[in-house]
Amino acid sequence: MYRIIVTFLLIFNHHFGGGMRLSKYFIPTLREVPAEAEVVSHKAMLRAGMIKKLASGIYDYLPLGLKAIRKAENIIRKNMDLSGAIELLMPSVQPAEMWEESGRWSYYGKELLRIKDRHDRNFCFGPTHEEVTTDIVRSFITSYKQLPINLYQIQTKFRDEVRPRFGLMRGREFIMKDAYSFDVDDAGANVSYGKMRDAYCRIFDDCGLKYTMVEADSGAIGGSYSHEFMVLADTGEDTVISSDKGGYSANLEKAVCGDNWDEWKEEILPAEKKETPNTRTVEELAAFLDVPVMKILKAMIVNVDGSFYCFLVRGDHELNLAKVKNFFGAPSAELASYDDIAVHAEGAPAGFIGPAGLKLEIYADYAVRAMKNVVMGANVKDLHIINANFGRDFDVKTFGDFRNAIEGDTCPVDGGKYILTRGIEVGHIFKLGTKYSESMNAVYLDKEGKRNPMIMGCYGIGVTRVVAAAIEQNHDEKGIIWPVQLAPFQVVIVSLNPNEQAVADLSETIYKELSGLGLDVMYDDRDERAGVKFTDAELVGYPVRVAIGKKSLAEGKVEVTIRKTGETAAVKKEDCISAVMEMLEKLR
RNA sequence: CGGGAUGUAGCGCAGCUUGGUAGCGUACUGGUUUCGGGAACCAGGGGUCGGGGGUUCAAAUCCCCCCAUCCCGACCA
């Protein structure tokens, strides 16, 4: 019996925790930051010896980095399994046929890394796995009785990003958890979606991260919905819009702007032409005329899938092309090129375009309707019209929500004021509908024996990005401050005088006891000076540090320190284990 | 893809203008002392100066081409 328990403990430790001696481990910390790193998490991961760059956007995961990645993966795996999703593993290299079938071989641009095998057949390195999953499901699932099903994997992906940057934050090769659900009908798909939403909340809670779930743009794929999970960090690449009343949050592309403007209380003035040489930007124009930027009517010519329209927004607002695209239900919308402007703007160069006299349909943002006595382009170089007014001087076909929200806007959902924060997109869940099931013929027979396409959802988490985001959110000038749940090692034992027998013995004892409890313990037994060990410990970011040295040991004590707060307690050596456990508990 | 910059020892940098035997800091190896907050001294090892071509008696340095890496932009006229 005893032997069985011991065996179990050994296995348990091997899989779920255990100790490591730093003298026998591999954490190549750097004293100086490689010049290539710009953002906090990138610098910290390089300095802490977690990653090494192999090529642009492609990194080695060194042991410490891999440990953190595995922690995140295990939290994700546990919650995915709990939600009823089933893990499998699909190939990273995929045949072009799959992608031709779904129509994405030509649609997907240069981000898709295409490769050929020795027989000159086309393959790609998978940036995502809708096609492959759909192929599996259509091969084996034919009846409503086998549905719903949700399959997921944790796999290395490759996207040949235009501009990889910020280390693991936007790499080309990265690790992703992706899940795909298949349902018999819309209601079922909504249930599957809800389960994933709940699982994602649990995952990011379990990771110990501060995050928010926001409504996201669902893009051109179906009229369904989508949510993003954002880890909040000042250094985030994305803007999160939320109402200060807490009733709404969304990303910038999606965040709704209301038709809730009061008309400006101004007397209507006669329109007048003004020479405005070299005022290409709104700021230059406003400065030249000495009027506020918001009095300027910004006119832009937009190429919506080959058709051209003019869009008007207030000078201090920005046009949101995603909203334009969705308004027309078009696959693409972009600002017109200079050549196209020359054709469609009556010869006026960019900067002097105005709605009056254009042979294009004019659309305007809601905020424009409230404007009075505006400055607009005269469609002639170096000429603007001041005191122009809607109805008298220009017309608009339709007003709509066509702009980016800004701080202080009134939220049309709950009436609060918009607040902008920065976030890092770590998860995205998506109701796909039948896009892939229809193009790839993933159908099932219902109770009546009729063929129906399955309703799909897809759900992604950037595992490596979660790790980077955790650092971005939790660090100080000394280094990383791991949330306990993601920490590669929860505790470090720093032996300050490894050559003193008493110190070495006690370090050894405490090390064995803590690792015996299933904790991930790093024992810094190196023959290094105290300063080196402390600095490394802070850089690597162990949540709890136990310092054992002859000075405090002379009084029978050791020091236990919390990385996050710097809080240190000198505890009796007998109480060390319980003090560590207590601190770890407090940090969870 | 456009603009800017950089490439010299593992890492951080100088040298380049004005061509003439490749340097500093740190890291690394050996030794002595030290060692509870990145130790001191002594002695060492380590370089296709991103690659190719050109000019020259002579190129890290000047010229041309290429490559790589980073930053900014590629939506606000």
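Chain identifiers are assigned alphabetically (A, B, ...) following the order of the sequence lines, protein sequences preceding nucleic acid strands; residue numbering begins at 1 within each chain. Just so it is clear, the structure is predicted and the values come from calculations on it, not from any experiment.
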Suppose you measure atom [atom1] in [N] against the same atom in [M]; what distance do you get, rounded to whole Å?
N	M	atom1	result
rC64(B)	rA5(B)	P	15 Å
rG12(B)	rC28(B)	C1'	16 Å
rA59(B)	rG53(B)	P	13 Å
rU8(B)	rU48(B)	P	11 Å
rG73(B)	rG52(B)	C1'	32 Å

Does a side-chain N or O from [X] land closer than 4.0 Å to OP1 or OP2 of [N], or not?
X	N	result
Asn497(A)	rG36(B)	yes
Arg31(A)	rG38(B)	no
Ser552(A)	rG36(B)	no

Is it the case that [N] (base atoms only) and [X] (side chain only) share a donor and an acceptor within less than 3.5 Å, ignoring hydrogens and angles?
X	N	answer
Glu528(A)	rG37(B)	no
Arg545(A)	rG37(B)	yes
Glu538(A)	rG38(B)	no
Arg526(A)	rG38(B)	no

Checklist entry - What is the distance from CZ of Arg165(A) to P of rA68(B), rounded to the nearest Å? => result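 So the two atoms are 19 Å apart, to the nearest Å.
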Checklist entry - Going through the checks in order, is the side chain to side chain donor-acceptor pair (under 3.5 Å) test met by His42(A) and Tyr59(A)? => result CA-CA 11 Å; His42(A) 190 194; Tyr59(A) 291 85; 3.2 Å; yes
Item to check | Opposite nucleotide pairing with rC11(B), Watson-Crick or G-U, both atom distances under 3.5 Å | outcome: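 Because both required distances fall under 3.5 Å, rC11(B) counts as paired with rG25(B).
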Checklist entry - What is the pairing partner of rC49(B), taking Watson-Crick or G-U wobble pairs with both distances under 3.5 Å in any strand? => result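 Per the H-bond distance test, none.
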Item to check | Lys53(A) and Asp60(A) ion-paired at < 4.0 Å | outcome: no
Checklist entry - Do Lys254(A) and Glu228(A) sit within salt-bridge range, that is, some charged N less than 4.0 Å from a carboxylate O? => result no
Would you indicate what [X] reaches in the nucleic acid, counting non-hydrogen atoms under 4.0 angstrom: base, sugar-phosphate, or nothing?
X	value
Asp536(A)	base
Lys533(A)	nothing
Glu36(A)	sugar-phosphate

